[in-house]
Amino acid sequence: MSRVNWTIEEGRFQKEQIINFGNKFMTANGYMGFRGTMEEYRKEQFVACNLLGVYDQHEDLWREPINAPNGLYTSIAVDGKEYSLPESEPITHSQSLDIYHAEHHRKTSFLTNDGKLMIKSERFVSAADEHLICLKYSFVIENKSMVTLTTGIDGDNWDINGPHLYHHTSQINKDTILVSALTGELNKTIAVADTIDCNFDAKKVEIMDQSSSVFRKITIEAEAGKEYIITKTIAVYTSNDDVENVTDAAWRKSETAIQVGYEKLKEKHRTVWENRWATSDVEIEGDDEAQIALRYSLYQLQIIAPHHSDKASIPARGLSGQTYKGAVFWDTEMFMLPFFLYTEPKVARNIMQYRVHTLEGARKKAEEYGFRGAFYAWESQENGQDACSDFNITDVFTNRPMRTYFRDKQVHISADVVYGLWQAFFLTGDESILLDGGAEVILECARFFYSYSHYKSEKQRFEVIDVIGPDEYHERVYNNAYTNKMIEFTLTTALKVADILKEKYPQEYETLIDKIAIKDDLKAIKQMKENFYMPQPDSETKLIEQFDDYFKLEDCSLEEIKKRILDPKEYWGGAYGVASDTQIIKQADIVLMLNLFKDEYSQEVKKKNWEYYEPRTEHGSSLSPCIYALLACDIGNQEWAYPYFMKTASVDLTGESKQFAGTIYIGGTHPAANGGAWMAAVLGFGGLKVNEGEIQVTPRLPKKWKKLTFKIIVQEQWYHIEITKEEIKIHKL
Ligand code: IFM
């Protein structure tokens, strides 16, 4: 396979990009994510080994995921003087990511008093063993000098709402060191062990045990021109792992791994990645820029996928840090799931099982608000508890927390979960998705919507009042078309699922119906479905109103809104936001609905609405551009779609995204946009549709694209699809 377009590289040191590159050059394996920082960086440079599904709350601050102590820490001094970025000015510096093998590389040279010092490092977060991170670090000096390497575990963590780790203890022997600590809220153990191997004899090794951090200070009488190499195997375990003793497990893993050897471990890691790309790569001929951006998006999705667990799902900022409280949003089902469904159904199943696992949390949330059924968390943590605060944004002008209604009114989340489950069942044909808890989730979500909706007697219909749709700038609106459509879908799906079970699995059906006592509610759900209000396109304009009276709001341009802004970080929505009383929307809403239910609307309706809402959309969420790309493809305008595709596919390469909501930092990677890039390429430009196992391809390739090639799995059968402007080839594999 050609290895062009598989590397991301930055060829010079850019101090102002440290945080951005931490996201861009991240390596991860679903269990943990290591930001793309240099080995010598400390918490000021946002170093983080972010752990999936292990959360903690410090005092009354926001609950967020844990960053483990940094086992990669390594710095270097020559003749007593330290040469470390960002303080020391390098002569040359490059940082790169081989996305084919998920390996991070850096090369830096400094001018010392006696000549040059060259540092190289290579590392990976193992795809073959979720607990392992491996590092190879080497240096060469131009003239004989006394070199000191300080390497070990840095427990002085970067946290947004920390600290989270207490009662640190350490263990030390010849080559292995370990730091373990307890989380403050739940007393979970986090252990990091680091074993080292060197290709040289050290003059002296000193241990610096600072309790939360342990370092080795290795002194070397270094000869000119010789390459001195250390390799480190770092093992991370937590109480969430199924092991008897967390610290023993970390210690043993780290020691055994070093025996296996860095190169062998790398080989195993590479094999996993080669196999992944063999099925998930999408090739674009004729457009290198699009190719690398798309591949990079797929890389991002693969590194954060919970390959190892069905108790956790993908947070909105992946594993790039603690932004958004490490919580799982609708982003996962609606934007990331399709990629996994078509290329790695096991991950898709894990993601959906997380919703089964968190059903109890959703039931509790519904009850908390006086409803029945399952109201999923807007920002879901490990047990489905909602991390979304009632004051989720801080006003930039007064520094006061603003009351926001994401948690209580963004009810579409429960319908998004149902949509994800149904897609998973529909595309894979795997009935165990329904039997292993999926059906229960679907029925409970339908019950929630029945209890949330209002029956308007004078109109003799069910309506959904007081919600927030995908466009979060307009709060507490009535009959948001997206929400209503998704609720209608939920009701239909619940009835369909009940029928499937009744017919094929009568015993399981009876058990479930009894368990959740839903017989009467099923009748009510049917009634609601038959009398449900769904906003329709206007007979003349063909426009669908985003919510009741949206068209009565001030219709002004984005440029005009921008002129009204007093502070670049001010929040546009909520009670007094600049967009709140206007038709300016944050992100795809009606357009998203039309894209999801494209077969139910005419091309004219889709086109008219795309054209109406597009100039009124800020794309203030990274979830938005891909949806405009998808619908533009559907209405046959791939040239409108292309810039939106590029925007979604390159969001984490350019780093051009919103960094603040009010005063709150929201930076990190953007997995929903990454998933959107796959959807736009394959479902949009490729025009792929699957209906009852049957594959249909209606391509709309952009001008530049000569060929689009990808593989998909549908009902356990792999297909290889090749699209050119002249022909479409679909091969069974
Ligand atoms: O889920 C999104 C939401 O739609 C817009 N704000 C950011 C969230 C997390 O990505």
Side-chain angles (χ1 to χ4, degrees), residues 23 62 64-65 160 297 300-301 304 313-337 351 355 376-381 386-389 391-394 402 404-417 419-420 467-475 477 480 482-483 486 546 569 571-574 577 579-580 584-593 595-596 613 617-628 647-648 651-652 657-662 664-677 679:
N23 299 320
W62 285 352
E64 62 187 12
I160 295 183
S297 302
Q300 281 292 344
L301 290 168
I304 54 175
S313 183
I314 306 179
R317 288 287 180 265
L319 295 171
S320 62
Q322 293 158 322
T323 299
Y324 281 142
K325 305 146 194 155
V328 179
F329 289 62
W330 70 313
D331 305 30
T332 317
E333 280 77 15
M334 303 308 289
F335 295 81
M336 305 174 214
L337 183 71
I351 287 172
R355 296 300 190 176
Y376 274 87
W378 180 242
E379 301 185 10
S380 182
Q381 294 187 335
D386 204 331
C388 188
S389 123
F391 297 86
N392 228 27
I393 287 173
T394 305
M402 290 164 70
T404 47
Y405 294 88
F406 308 131
R407 186 186 200 273
D408 20 5
K409 303 295 174 194
Q410 226 159 146
V411 296
H412 67 80
I413 178 65
S414 284
D416 304 326
V417 169
Y419 190 85
V467 301
I468 302 183
D471 158 32
E472 294 173 329
Y473 287 164
H474 296 93
E475 298 189 339
V477 301
N480 165 247
Y482 172 86
T483 305
M486 292 296 284
Q546 189 175 290
K569 287 185 192 161
Y571 183 59
W572 289 24
S580 307
I584 294 300
I585 63 172
K586 182 180 181 187
Q587 63 199 87
D589 194 306
I590 288 287
V591 171
L592 172 58
M593 180 197 84
N595 180 57
L596 294 176
Y613 285 102
T617 308
E618 183 217 358
H619 301 294
S621 162
S622 61
L623 276 53
S624 192
C626 61
I627 302 302
Y628 277 85
K647 197 169 158 96
T648 198
V651 61
D652 291 325
S657 61
K658 247 192 201 170
Q659 299 293 306
F660 286 90
I664 291 162
Y665 173 67
I666 54 166
T669 55
H670 299 82
N674 305 145
M679 290 197 287

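Indexing begins at 1, ligand by ligand and atom by atom, following the structure's order. One is the number of the first residue; the rest follow in order along the sequence.
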For ligand 1, which atoms, with element, lie under 4.0 Å from some heavy atom of K586? 5 (C), 6 (N)
Find all atoms of ligand 1 within a distance of less than 4.0 Å from any non-hydrogen atom belonging to L623, and give their numbers and elements. 1 (O), 2 (C), 4 (O), 10 (O)
Is there a donor-acceptor contact under 3.5 Å from the side chain of Q322 to the main chain of P65? yes
Residues Q546 and D471: side-chain donor-acceptor under 3.5 angstrom: yes
My understanding is that only one of D386, I413, N392, I468 makes a side chain to side chain contact (heavy atoms under 4.5 Å, CB included) with R407; could you say which? D386
Within-cut-off N or O pair, Q587 and ligand 1, under 3.5 Å: yes
What atoms in ligand 1 come closer than 4.0 Å to a heavy atom of A316? 9 (C), 10 (O)
Around atom 3 (C) of ligand 1, find the nearest protein heavy atom and jot down its residue, atom name and distance. E472 OE2, 3.5 Å
Hey, do the aromatic rings of F335 and W330 have their centres closer than 6.0 Å? yes
Please step through side-chain contact (heavy atoms from CB on, under 4.5 Å) for the pair Y419 and M486, ending with a clear verdict. CA-CA 8 Å; Y419 190 85; M486 292 296 284; 3.7 Å; yes
Atoms in ligand 1 flagged as close to F329, the criterion being non-hydrogen separation under 4.0 Å: 1 (O), 8 (C), 9 (C)
What protein heavy atom lies closest to atom 9 (C) of ligand 1? Include the residue and the distance to one decimal. D331 OD2, 3.3 Å
Using non-hydrogen atoms of the residue, decide whether H670 is closer than 4.0 angstrom to ligand 1. no
Of the backbone atoms (N, CA, C, O) and the side-chain heavy atoms from C-beta on, which set of I666 has a member under 4.0 Å from an atom of ligand 1: side chain, backbone, both, or neither? neither
For N23 and D652, which I'm curious about, is there any donor-acceptor pair between the side chains at under 3.5 Å? no
Provide the number and element of each atom of ligand 1 under 4.0 Å from a heavy atom of S621. 5 (C)
Quick test of your reading of the structure: of W378, F335, W330, whose heavy atom lies closest to atom 4 (O) of ligand 1? W330
Please step through side chain to side chain donor-acceptor pair (under 3.5 Å) for the pair E64 and Q381, ending with a clear verdict. CA-CA 9 Å; E64 62 187 12; Q381 294 187 335; over 6 Å; no
Between the side chains of T617 and Y628, does any donor sit under 3.5 Å from an acceptor? yes
For atom 7 (C) of ligand 1, grab the closest protein heavy atom and report residue, atom and distance to one decimal in Å. Y324 OH, 3.3 Å
